[in-house]
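Reading through the structure tokens given below for one structure.
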Amino acid sequence: MRKFIAVLFLFFYAMSVGAAEITMTATDAVQMAGNMVRAGDFEHAGQILRQMPDTGSAPLEIERRFLLAQMAQKQGDFDAAIKIYQALLDVYPGLARVRFELAICYMHQKKWRRADYHLRLAMAGDDLSDDAKHIMNYYRYVVRRNKNWNVWFNFGAAPESNINNSVGGQECIMTMFGMMCRTLDAPEAAVGVNLMLGGNYEFKLSDVWRWKSEANIYSNFYDKNQYDDLYLTLSTGPRYVWTRGDVWLGVVGARRWYGWERYNRSVGARVDANYDFTRRLSGGLYLRIMDNKYDEYNDLLNGHTYSANIRLTYSFNSSMYAVLRGGISREVAAADMYSYWSPGIAVGLGAELPWGFHVYAGPDVYWNWYDAARWAVRDNHMTQIKERDFTHRYAMSVSNNKLDVFGFVPTITVSYTRRDSNIWQREFDKTAIEFTMQQRF
């Protein structure tokens with residue numbers, strides 16, 4: 001083992017052992033400081049840890065910084081402890097013990113979403129004992145029981161190559177007067193600003209019952225205002241919490257404006273259920289039923305939406321996880337040609353990487369199968385076709401925690417979307433680049 005001579009100018013400590021100067025190996029110094037931290041002797045432990053020169057040993061440096069964070073945490077300075085833990089994870093994202101302690105600090109600050117994120121990853125770490133993992137199971141229950149509010153806020157820019165989802169080209173039809181053609185709308189590029197603002201609050205009724213209310217605003221504002229989109233949802237209802245999961249039953253109201261014109265409004269109900277199957281695997285089931293009223297073409301579009309979705313999250317270790325989403329929705333409109341089934345599936349892989357990087361990538365695919373045929377042009381003739389669409393999207397997001405600005409980190413998402421259809425006029429493809437500032441976890 002590499003050693004060095006640590007000269008500790010701790011006169012008051014040296015006097016207690018009858019010496020003016022102490023020499024020891026780096027390992028001995030860290031072990032002594034660790035014993036002092038556990039005994040509550042933060043003053044002397046801090047002097048040892050802060051005066052130690054660089055040993056060139058990564059394990060010793062990790063332990064030294066970890067003990068400094070432990071000192072701050074035990075003294076109630078959670079902001080200082082969080083900064084040290086975050087800095088360690090930025091370089092060594094696989095340190096499950098550090099991630100666990102970071103989650104505890106977030107719990108003390110009542111930042112429950114962040115605590116839950118790090119607990120999920122830490123529980124999959126191989127360098128923790130079964131007792132520690134059992135404690136983390138209990139802490140996740142504590143998070144579910146105690147969280148009473150959350151706020152989320154993302155904003156950024158989103159250039160898009162085909163904001164109107166158009167295929168372009170010409171559509172021609174043979175008539176008694178010969179071939180007649182029209183030019184379809186060409187794809188339009190646009191640059192937008194996106195904003196997502198949301199929050200929820202849970203009023204505690206008992207140890208296991210809450211009354212949860214939630215509001216969300218999602219918007220995209222483009223340089224071409226006819227494509228501006230604003231969506232508002234409100235939900236409220238009782239939530240039940242137990243050791244390994246929770247379930248929320250709520251009523252929902254939604255309002256949408258498109259191009260600054262009223263588009264539709266909806267009311268309905270939701271059921272959200274979450275469950276921890278193992279320390280690595282958790283899942284959720286989300287059910288919705290909505291009654292939809294449209295401001296235009298209501299005699300064709302008014303109807304109901306039914307949807308069922310699942311989410312499974314699996315942590316491979318304390319820095320890498322996978323997400324599987326699947327579901328099916330049913331749109332019932334007044335006109336059968338606008339009624340359809342839409343099954344879909346998405347797979348994503350996320351990883352906390354060295355030097356503060358976080359990456360998430362994966363495909364998202366879904367189908368639209370319409371109930372009734374509509375008139376469309378095919379082979380230069382009008383014909384009735386039951387529309388069948390297949391949409392696939394591929395996206396990758398990259399962020400870096402070292403660029404933290406007031407708790408937000410810049411995130412870049414690059415995506416490509418393609419829709420194939422048996423009605424060629426309904427086909428399109430587009431690319432988008434989103435730059436957002438997202439809350440750091």
Tested for side chain to side chain contact (heavy atoms under 4.5 Å, CB included) against Ile345, the lone hit among Val365, Asp364, Ile328 is Val365
Residue pairs passing the disulfide (SG to SG under 2.5 Å) test with at least one member in residues 56-97, sequence neighbours excluded, are none
(message) Taking atom OH as the centre, does Tyr321 end up with more than 12 heavy-atom neighbours from other residues, nucleotides or ligands that are less than 6.0 angstrom away?
(response) yes
Give the ring-plane orientation class for Tyr294 versus Tyr263, where under 30° counts as parallel, over 60° as perpendicular and anything between as tilted. perpendicular
Axial cation check for Trp257 ring with Arg255, 6.0 Å and 45° limits = yes
Open item on the list: Within a 6.0 Å radius of atom CZ on Arg65, are there more than 12 heavy atoms belonging to other residues, nucleotides or ligands?
Closed with: yes
Give the C-alpha distance, both sets of side-chain angles, the deciding distance and a yes or no for side-chain contact (heavy atoms from CB on, under 4.5 Å) between Val359 and Leu353.
-> CA-CA 8 Å; Val359 176; Leu353 302 177; 3.7 Å; yes
* Just by distance, with hydrogens left out, do Ser282 and Asn274 show a side-chain donor and acceptor under 3.5 Å apart? -> no
Worksheet item: Is it true that Glu427 and Arg418 make a salt bridge, defined as a side-chain N closer than 4.0 Å to a carboxylate O?
Response: yes
Quiz item: Where does the angle between the aromatic ring planes of His304 and Tyr306 fall among parallel (under 30°), tilted (30 to 60°) and perpendicular (over 60°)?
Solution: parallel
- request: Scan side-chain atoms only and decide if Tyr340 and Glu387 contain a donor-acceptor pair under the 3.5 Å cut-off.
  value: no
Next item on the list: Apply side-chain hydrogen bond (donor to acceptor under 3.5 Å, both in side chains) to Ser421 and Arg388, showing your working.
Entry: CA-CA 6 Å; Ser421 177; Arg388 296 289 186 267; over 6 Å; no
More than 12 heavy atoms of other groups within 6.0 Å of Arg262 CZ
no
Item checked: Thr236 side chain to Trp211 side chain, donor-acceptor N/O pair below 3.5 angstrom -> yes
* What do you reckon, is CZ of Phe316 surrounded by more than 12 foreign heavy atoms closer than 6.0 Å? -> yes
Please indicate whether Phe203 has more than 12 foreign heavy atoms, meaning atoms of other residues, nucleotides or ligands, lying under 6.0 Å from its CZ.
no
Open item on the list: Closer than 4.0 angstrom, basic N to acidic O: yes or no for Asp116 and Arg120?
Closed with: yes
Can Arg419 be said to sit on top of Phe428's aromatic six-ring, NZ or CZ under 6.0 Å from centre and within 45° of the ring axis?
no
Report, as yes or no, whether the 6.0 Å neighbourhood of atom NZ on Lys110 holds more than 12 heavy atoms from other residues, nucleotides or ligands.
no
